[in-house]
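When reading the values below, keep in mind they use all heavy atoms of this one structure, side chains included, and skip hydrogens, waters and symmetry mates. Below, read A as the first sequence line, B as the second, and so on, with proteins coming before strands; counting in each chain starts at 1.
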Protein chains: 2
Amino acid sequence: MEKLRSDCPISCSLDIFGDKWSLLIIRDIMLRGKLSYSEFLESEEKIATNILVSRLKALEAANILLKQVSPANKSKFIYSLTEKGIDLLPIIIEMMDWGAKYNANCPRREVGKKIQKDKAGVIREYYKKLRKTTT
Amino acid sequence: MEKLRSDCPISCSLDIFGDKWSLLIIRDIMLRGKLSYSEFLESEEKIATNILVSRLKALEAANILLKQVSPANKSKFIYSLTEKGIDLLPIIIEMMDWGAKYNANCPRREVGKKIQKDKAGVIREYYKKLRKTTT
DNA sequence: TATCTTTACTTGCAAAATGCAATAACAAAG
DNA sequence: CTTTGTTATTGCATTTTGCAAGTAAAGATA
């Protein structure tokens, strides 16, 4: 593990995912059902391969992601969220809400609109879904 | 303004505060009542002066912070949160909760414990406090 | 069994951001 | 007009990011 800058929980969180890419990978898994390296590469933000690899390794090392051989295709890996990763859900949802609220370029789609009406409900719903899927 | 990587609200949020420092400045203002450049410099994470200046400028440009001459000391500036900045509160609180939950090195202090019991209440309480203070 | 495809990753290099130390600008106070 | 407090800049080494190309290995195809 790396050095912590302080024992402030916000600082500790940022030590792990305080960059422009880590939470986008989490988003892809959490909200878009993506599972594999090649699916992450396809996202519209166009992450570079070296950065993707380094983030996947860091998130796995932080026990946020679990990397396993795909049962369907043994030459493929699938990444899934651990409990610790699933617990990032409220942060993701809050960032989604804030980003949509203050950015005219970010139209609210289905989830975004549901969040406006019943944020807690959306979080509960996704928690349920994510915990079903995970080992 | 800079280029957006996509129109995803999470990505747009990360374009603004997706780094290791911006949210720590927000934290200092939001939860610790800090107001000025020199107070931010004192925080335990020891931000460098050039980075502090660049973040303050970026956050001001993003309309998250407001920079004003201090009424008490006219050679001093004070930074305050705009409505947009105040709305980062839920993200900060969620990151605080997650960081404390998964980091043994981060003891929960008063706020951290309150969050465990009544997160929504803590958010409401801080919203009230912050909106009072702000112009 | 050779070669093609898919999937995951590595490498090299330029550009940008960060970290650190020193110094500057400038208003207010004495 | 010198000192103090506050904010900001500069220079330089290190680290991270961005981009393009190449490598590796397991299956699938012929």
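Rounded to the nearest 0.5 angstrom, B:E94 CD and A:L88 CG are separated by 10.5 Å. Going from atom CD1 of B:I25 over to atom CE of B:M30 covers 12.5 Å, rounded to the nearest 0.5 Å.
Side-chain atoms of B:D19 and B:S22 include a donor-acceptor pair closer than 3.5 Å.
A:L130 and A:L35 end up in different hydrophobic clusters when Ile, Leu, Val, Met, Phe, Trp and Tyr side chains are linked at under 4.5 Å.
Distance, A:L56 CG to C:dT7 P: 16 Å, rounded to whole Å. Atom CG of A:N73 and atom P of D:dA25 are 17 Å apart (whole Å). In this structure, B:E60 places its CD atom 13 Å from P of D:dT7, rounding to the nearest Å. Rounded to a whole Å, the CZ atom of A:F17 is 19 Å from the C1' atom of D:dT16. One interatomic measurement links the two molecules: CG of A:D19 to P of C:dT18, which rounds to 11 Å at whole-angstrom precision. One interatomic measurement links the two molecules: CG of A:L24 to P of D:dG18, which rounds to 11 Å at whole-angstrom precision. Protein atom CZ of A:F77 is 10 Å distant from nucleotide atom C1' of C:dC9, rounded to whole Å. In this entry the distance linking OH of B:Y37 with P of D:dT7 reads 8 Å, nearest Å.
Remark on DNA chain D: of its neighbouring residues A:K74 and B:K76, the 5'-side contact belongs to B:K76, judged by nearest-heavy-atom nucleotide.
No donor-acceptor pair under 3.5 Å is formed between the side chain of B:K114 and the backbone N or O of B:V122. Side chain of B:S6 to backbone of A:E44: no donor-acceptor contact under 3.5 angstrom is found.
Residue pairs satisfying the salt bridge (Lys or Arg N to Asp or Glu O under 4.0 Å) criterion with at least one member in residues 21-30 of chain A, sequence neighbours excluded, are listed as follows: A:R27-A:E45, A:D28-A:R32.
Within the helix from C:dT1-D:dA30 to C:dG30-D:dC1, the inter-axis angle between the opening and closing five-pair segments is 10°, rounded to 10°.
In the set D:dT9, C:dA8, D:dA8, C:dA8 carries the atom at the smallest distance from any side-chain atom of A:S38.
Residue A:W21 places at least one side-chain N or O under 4.0 Å from the OP1 or OP2 atom of D:dG18. Applying the 4.0 Å criterion to OP1 and OP2 of C:dC9, one finds that A:K67 has a side-chain N or O inside that range. Distances shown here put every side-chain N or O of B:K20 at or beyond 4.0 Å from the OP1 or OP2 atom of D:dT15.
Note on ring orientation: taking the six-membered ring where Trp is involved, the planes of B:F40 and B:Y79 are tilted (angle from 30° to 60°).
Contacts of A:F40 with the nucleic acid, taken as non-hydrogen atoms under 4.0 Å apart, are absent.
Of the residues in residues 41-55 of chain A, those placing a heavy atom less than 4.0 Å from an atom of DNA chain D are A:A48, A:T49, A:N50, A:I51, A:R55, in numerical order.
The environment of B:K46 atom NZ is dense: over 12 non-hydrogen atoms of other residues, nucleotides or ligands sit within 6.0 angstrom.
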